[in-house]
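For the single chain, residues carry numbers from 1 onward in sequence order. This one's a predicted model, so the numbers in the text were calculated from it and none came from an experiment. Scope of the values below: all heavy atoms of this structure, side chains included, with no hydrogens, waters or symmetry mates.
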Amino acid sequence: MNTQKLELIISIIDKYLEYDYKKDVLTAVEAAELLDKAGVLKDSLSRPGKPLRDILRAGYIVHAYQLSNGRWFIPHSNRKYEKNVSIQKPVQASISQISEEQIMNSSNFRSVKQLNDSDVPDSSGVYVIKIKNIDKLPPTFGKVLKERKHKILYIGISTNSLRKRLWGNELHAKGHGTFFRSLGAILGYLPETGSLSGYRNKRNYKFSAQNSAEIICWIEDNLEINFIAHSENLGKIEESLIVKYVPLLNLDKNPVKLSELVELRRKCEAVANGY
């Protein structure tokens with residue numbers, strides 16, 4: 001490959017990562033779109049990202065890496081920007097402590113509507129939330145999930161009680177559920193104006209009782225879950241699964257967290273704080 005063109009490709013990706021504080025790495029599809037817009041590498045309309053993936057497979061961009069699910073990621077060429085690459089090997093090792101096949105096996109997932117709180121253990125563990133039909137998501141987010149070729153919305157852990165965290169916080173808005181807030185945001189809901197005014201925590205917005213009830217109905221109709229009771233190295237296990245499967249609504253530990261989700265959550269926080 002032409003050395004000058006390769007250097008230009010790497011330089012464009014590096015500069016984008018330096019100026020976009022929300023991203024540590026780019027997927028092959030994201031980088032390909034960037035390079036196409038810059039007029040450096042024409043992308044394929046039928047197979048987005050393929051021309052760049054061919055370059056990656058040939059080994060020309062030596063600091064790029066590929067996960068076991070086949071997805072390519074391109075961090076900054078200077079190692080000091082590789083915030084996520086450095087943890088890949090030790091994190092992946094931790095997944096052996098639970099059965100990945102068991103937690104991710106589609107046949108083990110059950111519809112939220114078919115469960116009740118007593119079905120979820122009152123103990124620590126790992127959980128995964130999936131959507132039954134991607135087309136039920138807003139188009140922007142459905143498109144991303146289709147590109148990722150899975151239906152996983154969120155992966156999380158509870159160090160105390162899966163029943164309280166997963167069933168209560170995340171699925172039924174009892175307390176402060178990160179997933180519930182993110183889901184409500186992408187579905188177009190906003191908290192009540194000024195509802196966080198006077199509170200010390202300015203980020204834990206809540207939706208109105210009516211809106212929360214609507215979101216819960218949506219969850220019951222469209223989502224399914226799986227969980228495993230477990231107590232050791234939960235943080236490492238969670239990180240390993242998030243890095244490998246890049247769920248749609250995980251932000252923390254996610255190498256390809258969505259800037260669109262970040263912006264929607266910020267909008268909700270601003271409304272709740274009366275800004």
Side-chain angles (χ1 to χ4, degrees), residues 1-93 95 100 104 106 130 134-135 137 139-153 155 239-251 253-262:
M1 183 178 182
N2 182 284
T3 302
Q4 287 186 328
K5 185 172 183 178
L6 179 60
E7 290 177 349
L8 181 58
I9 287 173
I10 293 173
S11 175
I12 289 173
I13 294 172
D14 281 352
K15 288 179 180 178
Y16 182 87
L17 291 171
E18 289 168 14
Y19 285 101
D20 189 342
Y21 70 93
K22 302 170 187 171
K23 289 184 178 293
D24 298 317
V25 297
L26 291 179
T27 65
V29 172
E30 290 172 332
E33 182 179 1
L34 175 67
L35 296 170
D36 185 56
K37 288 180 179 178
V40 175
L41 182 67
K42 185 171 179 59
D43 201 8
S44 169
L45 292 176
S46 59
R47 299 181 64 186
K50 185 181 184 303
L52 180 58
R53 284 194 296 273
D54 290 341
I55 294 173
L56 296 172
R57 293 188 185 107
Y60 288 114
I61 303 180
V62 295
H63 57 283
Y65 61 97
Q66 187 178 29
L67 298 184
S68 58
N69 61 3
R71 291 177 58 80
W72 280 97
F73 297 92
I74 310 172
H76 197 285
S77 62
N78 186 325
R79 184 160 291 276
K80 71 179 182 179
Y81 288 97
E82 297 183 35
K83 299 174 183 176
N84 294 294
V85 179
S86 62
I87 61 173
Q88 295 297 313
K89 290 184 179 179
V91 169
Q92 288 285 21
I95 194 59
E100 182 178 355
M104 303 307 298
S106 296
K130 292 174 61 176
I134 294 176
D135 291 331
L137 289 169
T140 298
F141 294 94
K143 180 173 181 275
V144 173
L145 207 54
K146 287 177 181 178
E147 289 174 352
R148 295 184 182 182
K149 298 180 179 179
H150 63 63
K151 296 182 177 181
I152 304 169
L153 296 185
I155 294 172
E239 187 167 0
S240 174
L241 290 170
I242 291 173
V243 169
K244 181 173 182 178
Y245 292 98
V246 289
L248 185 73
L249 299 184
N250 280 92
L251 292 175
K253 306 181 181 73
N254 194 336
V256 286
K257 62 183 179 182
L258 293 178
S259 58
E260 295 90 344
L261 174 57
V262 173

Would you say the side chains of K130 and S106 form a donor-acceptor pair under 3.5 Å?
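K130 vs S106: donor-acceptor pair found between side chains.
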Taking the side chain as every heavy atom from C-beta outward, state whether L6 and I61 have any atom pair closer than 4.5 Å.
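They are in contact (side-chain heavy atoms under 4.5 Å apart), so the answer is yes.
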Can you check whether [Y]'s main-chain N or O pairs, donor with acceptor, with [X]'s side chain at less than 3.5 Å?
{"X": "D135", "Y": "G142", "value": "no"}
{"X": "D14", "Y": "H76", "value": "no"}
{"X": "D43", "Y": "D36", "value": "no"}
{"X": "R71", "Y": "K244", "value": "no"}

Nearest-0.5 Å distance, [atom1] of residue [X] to [atom2] of residue [Y]:
{"X": "N250", "Y": "L258", "atom1": "CG", "atom2": "CG", "answer": "10.0 Å"}
{"X": "I74", "Y": "E30", "atom1": "CD1", "atom2": "CD", "answer": "9.5 Å"}
{"X": "F73", "Y": "L56", "atom1": "CZ", "atom2": "CG", "answer": "11.5 Å"}
{"X": "L52", "Y": "L41", "atom1": "CG", "atom2": "CG", "answer": "6.0 Å"}
{"X": "I9", "Y": "I55", "atom1": "CD1", "atom2": "CD1", "answer": "4.0 Å"}
{"X": "L249", "Y": "L137", "atom1": "CG", "atom2": "CG", "answer": "8.0 Å"}

Indicate the atoms forming the closest heavy-atom contact of K42 with P51, along with that distance.
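Between these two residues, the closest heavy atoms are O-CG, 3.5 Å.
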Compare every heavy atom of N254 with every heavy atom of R148, then report the nearest pair and how far apart it is.
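Heavy atoms of R148 and N254 come nearest at NH1-ND2, 4.3 Å.
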Start with the C-alpha distance between I152 and M104, add both sets of side-chain angles, then the distance that settles side-chain contact (heavy atoms from CB on, under 4.5 Å), and finish with yes or no.
CA-CA 9 Å; I152 304 169; M104 303 307 298; 3.1 Å; yes
Quick one: list whatever passes salt bridge (charged side-chain N to carboxylate O under 4.0 Å, His left out) with E147, sequence neighbours left out.
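By the salt bridge (charged side-chain N to carboxylate O under 4.0 Å, His left out) rule, E147 matches K143.
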Set out, in order, the CA-CA distance, both residues' side-chain angles and the distance that settles side-chain contact (heavy atoms from CB on, under 4.5 Å) for L145 and L153, then state yes or no.
CA-CA 8 Å; L145 207 54; L153 296 185; 3.9 Å; yes
